[in-house]
Amino acid sequence: MKKILAVLTVALFAAFVAAANAQDAPKSPANVKHVVWIGADGFGAHYVKWDELPNLKKMRDGGSWTLHMRSVLPSSSAINWHTMMVGAPSEMHGYRNWNSKKPEIEPVYVDERGYFPDFFRVMKDAIPGFTARAVFNWDGIGFCYDNDAVDESIYLSADSVEASDELVIAKGLELLDKKSTFTFIYFDDPDHIGHTIGWGTPEYQAKMTKIDEYVGRILAKLEENGMMKDTVVYFSSDHGGSDKGHGEARLDHMEAPFIIYGKGIKQGEITDSFANFDCASTVLAVLGVKQPQCWRGKPANVIEVK
């Protein structure tokens with residue numbers, strides 16, 4: 001009898017733990033299973049010409065968007081890519097420069113691994129079976145998140161930034177075949193063209209159009225894989241620029257597009273204030289994941305209420 005009671009006790013305890021875990025598992029408001037983030041460095045909102053960007057325009061018309069997502073200062077790369085991943089401004093997470101590889105000031109909070117929590121780690125800890133993959137052609141991106149929370153983190157380089165963008169789109173399409181929970185595809189060349197030729201030049205505008213072509217190929221791949229029915233895609237950049245530089249406290253440097261499209265996303269312009277630390281909060285809200293207390297981002301009102 002004692003053995004039977006012991007077995008029953010163990011079974012009941014296991015069932016209780018399983019039920020508790022099931023209750024704690026996040027529930028996406030729109031039953032979203034996949035998120036794809038397309039990032040383009042230096043893709044300034046002030047240079048967006050919708051008629052030259054048919055695929056981003058498709059996302060805009062079918063989803064939620066703003067051209068007034070504001071960066072933190074300085075309006076430079078690593079500090080702002082990291083900010084988009086951690087849901088808090090730089091004064092809290094500690095990254096301060098264009099090429100930060102670790103916090104320059106002590107973060108207000110670190111987890112047991114010693115990191116200010118980024119959204120890859122938060123999603124991995126919250127979502128059973130979570131998988132993530134990232135491909136990029138600026139090596140600084142690899143220092144912006146906890147690599148142990150990502151199944152594949154792929155840096156690609158070539159003889160030119162333009163050529164490495166081509167490598168990124170090819171690998172990105174391959175990664176979409178793996179149907180990860182989260183896929184990040186990052187292109188560096190808009191920033192490179194801005195620095196070498198200039199923001200707003202014909203060459204820069206042509207590169208924006210090329211990035212739009214990549215967006216179209218990604219959307220087509222998601223359709224081909226049957227993923228769009230339960231996928232959200234969002235596009236963002238870290239900063240804009242002028243002449244051959246950026247990093248200043250001026251709006252053509254600080255404003256970047258944010259466009260989110262797909263399963264359960266409402267249509268219309270985001271008219272509330274929106275900073276780039278709101279990106280991670282918005283992604284977690286779409287997936288039904290609670291954000292950490294140390295974050296300060298607010299989810300944009302993009303989820304369609306039925």
Side-chain angles (χ1 to χ4, degrees), residues 28 30-41 43 53-60 62-65 81 84-85 118-121 123-124 127-138 141-142 144-145 147 149-158 162-190 208-237 257-265 279-280 282-284 286-289 302:
S28 166
N31 200 28
V32 173
K33 296 181 180 178
H34 311 282
V35 175
V36 177
W37 180 15
I38 307 169
D41 205 296
F43 197 103
L53 307 171
N55 296 295
L56 288 172
K57 185 178 180 182
K58 174 183 176 179
M59 288 179 60
R60 180 202 72 177
S64 296
W65 63 281
W81 287 110
M84 280 186 274
M85 298 179 188
D118 66 70
F119 67 173
F120 285 117
R121 172 55 59 186
M123 290 186 288
K124 185 174 182 67
I127 301 174
F130 174 82
T131 55
R133 290 175 168 85
V135 58
F136 47 90
N137 56 335
W138 176 48
I141 289 293
C144 290
Y145 56 86
N147 279 254
V150 176
D151 296 84
E152 291 183 77
S153 189
I154 304 166
Y155 166 61
L156 299 173
S157 63
E162 181 177 11
S164 63
D165 269 5
E166 290 291 332
L167 295 178
V168 166
I169 184 61
K171 176 56 70 172
L173 296 176
E174 287 182 20
L175 293 182
L176 292 177
D177 286 330
K178 299 187 178 183
K179 300 186 177 181
S180 305
T181 314
F182 196 101
T183 306
F184 177 37
I185 304 173
Y186 163 98
F187 302 100
D188 189 40
D189 202 27
M208 295 181 88
T209 301
K210 188 67 176 178
I211 295 296
D212 182 80
E213 178 190 315
Y214 295 154
V215 171
R217 292 171 66 182
I218 290 167
L219 295 178
K221 184 69 170 181
L222 292 169
E223 293 285 1
E224 177 187 323
N225 285 354
M227 292 173 65
M228 276 308 306
K229 64 182 182 295
D230 52 19
T231 294
V232 162
V233 182
Y234 71 104
F235 178 91
S236 71
S237 185
F258 176 82
I259 310 168
I260 187 165
Y261 166 81
K263 174 71 171 177
I265 300 299
C279 289
T282 301
V283 171
L284 292 194
V286 165
L287 290 170
V289 176
V302 301

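Within a 6.0 Å sphere centred on CD of E162, other residues, nucleotides and ligands contribute 12 heavy atoms or fewer.
V135 has its side chain out of reach of Y155: every pair of non-hydrogen atoms, C-beta onward, lies at least 4.5 Å apart. When side chains are defined from C-beta on, T183 counts as touching L176, because their heavy atoms get closer than 4.5 Å. A heavy-atom distance below 4.5 Å is not found between the side chains of V36 and V232. Counting only heavy atoms from C-beta outward, the side chains of F43 and M208 approach each other to under 4.5 Å.
With rounding to the nearest 0.5 angstrom, the OG1 atom of T231 is 11.5 Å from the CD1 atom of I265. We find the CZ-CG distance between F235 and L53 to be 8.0 Å, quoted to the nearest 0.5 Å. Atom CD1 of residue I218 and atom CG of residue L173 lie 6.5 Å apart, to the nearest 0.5 angstrom. Atom CG of residue D189 and atom CH2 of residue W138 lie 14.5 Å apart, to the nearest 0.5 angstrom. Atom-to-atom distance recorded for I38:CD1 and L219:CG is 6.0 Å, nearest 0.5 angstrom. The structure places CG of D41 at 5.0 Å from CG of D188, a figure rounded to the nearest 0.5 Å.
In terms of modelled atom types and a separation under 3.5 Å, the side chain of S28 and the main chain of L287 share no donor-acceptor contact. Looking only at distances, no side-chain donor or acceptor of D151 sits under 3.5 Å from a matching main-chain atom of R133. A donor-acceptor pair under 3.5 Å is formed between the side chain of T131 and the backbone N or O of T181. N55 contributes no side-chain N or O that, together with a main-chain N or O of V215, makes up a donor-acceptor pair within less than 3.5 Å. One N or O on the side chain of S237 and one on the backbone of A40 form a donor-acceptor pair closer than 3.5 Å.
Salt-bridge formation is detected for the pair K221/D177: a Lys NZ or Arg NE/NH1/NH2 atom is positioned less than 4.0 Å from an Asp or Glu carboxylate oxygen.
Residues passing the side chain to side chain contact (heavy atoms under 4.5 Å, CB included) test with S153, sequence neighbours excluded: F136, Y145, N147, V150. Evaluation of the side chain to side chain contact (heavy atoms under 4.5 Å, CB included) rule for A170 yields no partner, not counting sequence neighbours. E223 is linked by a side chain to side chain contact (heavy atoms under 4.5 Å, CB included) to M228, counting only residues two or more places apart in sequence or in another chain. When the ring-ring contact (aromatic ring centres under 6.0 Å, His included) test is applied to W81, the partners found at least two apart in sequence or on another chain are W37, Y186. Partners of K179 by side chain to side chain contact (heavy atoms under 4.5 Å, CB included), not counting sequence neighbours, listed by chain and number: H34, N225, M227. Residues satisfying the ring-ring contact (aromatic ring centres under 6.0 Å, His included) criterion with Y261, sequence neighbours excluded, are absent altogether.
Taking both residues in full, the closest heavy atoms of S164 and A158 are given as N-CB, 3.7 Å, listed atom of the first, atom of the second, then distance. Taking all atoms of both residues into account, the shortest heavy-atom contact from I169 to F187 is N-CE2, 3.8 Å. Taking every heavy atom of both residues into account, S64 and V302 meet most closely at CB-CG1, 3.6 Å. In terms of heavy atoms, P190 sits closest to D165 at CD-OD2, 4.4 Å. The two residues A30 and G264 make their nearest non-hydrogen contact at CB-CA, 3.6 Å. Closest non-hydrogen pair, S236 versus F258, comes out as CB-CD1, 4.3 Å.
V283 pairs with exactly one of M85, M123, M84 by the side-chain contact (heavy atoms from CB on, under 4.5 Å) rule, that one being M123.
Ring pair F119/F182: centre-to-centre distance below 6.0 Å.
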- Kindly indicate, with the supporting measurements, whether the criterion salt bridge (charged side-chain N to carboxylate O under 4.0 Å, His left out) is fulfilled by K171 and E152. CA-CA 11 Å; K171 176 56 70 172; E152 291 183 77; 6.0 Å; no
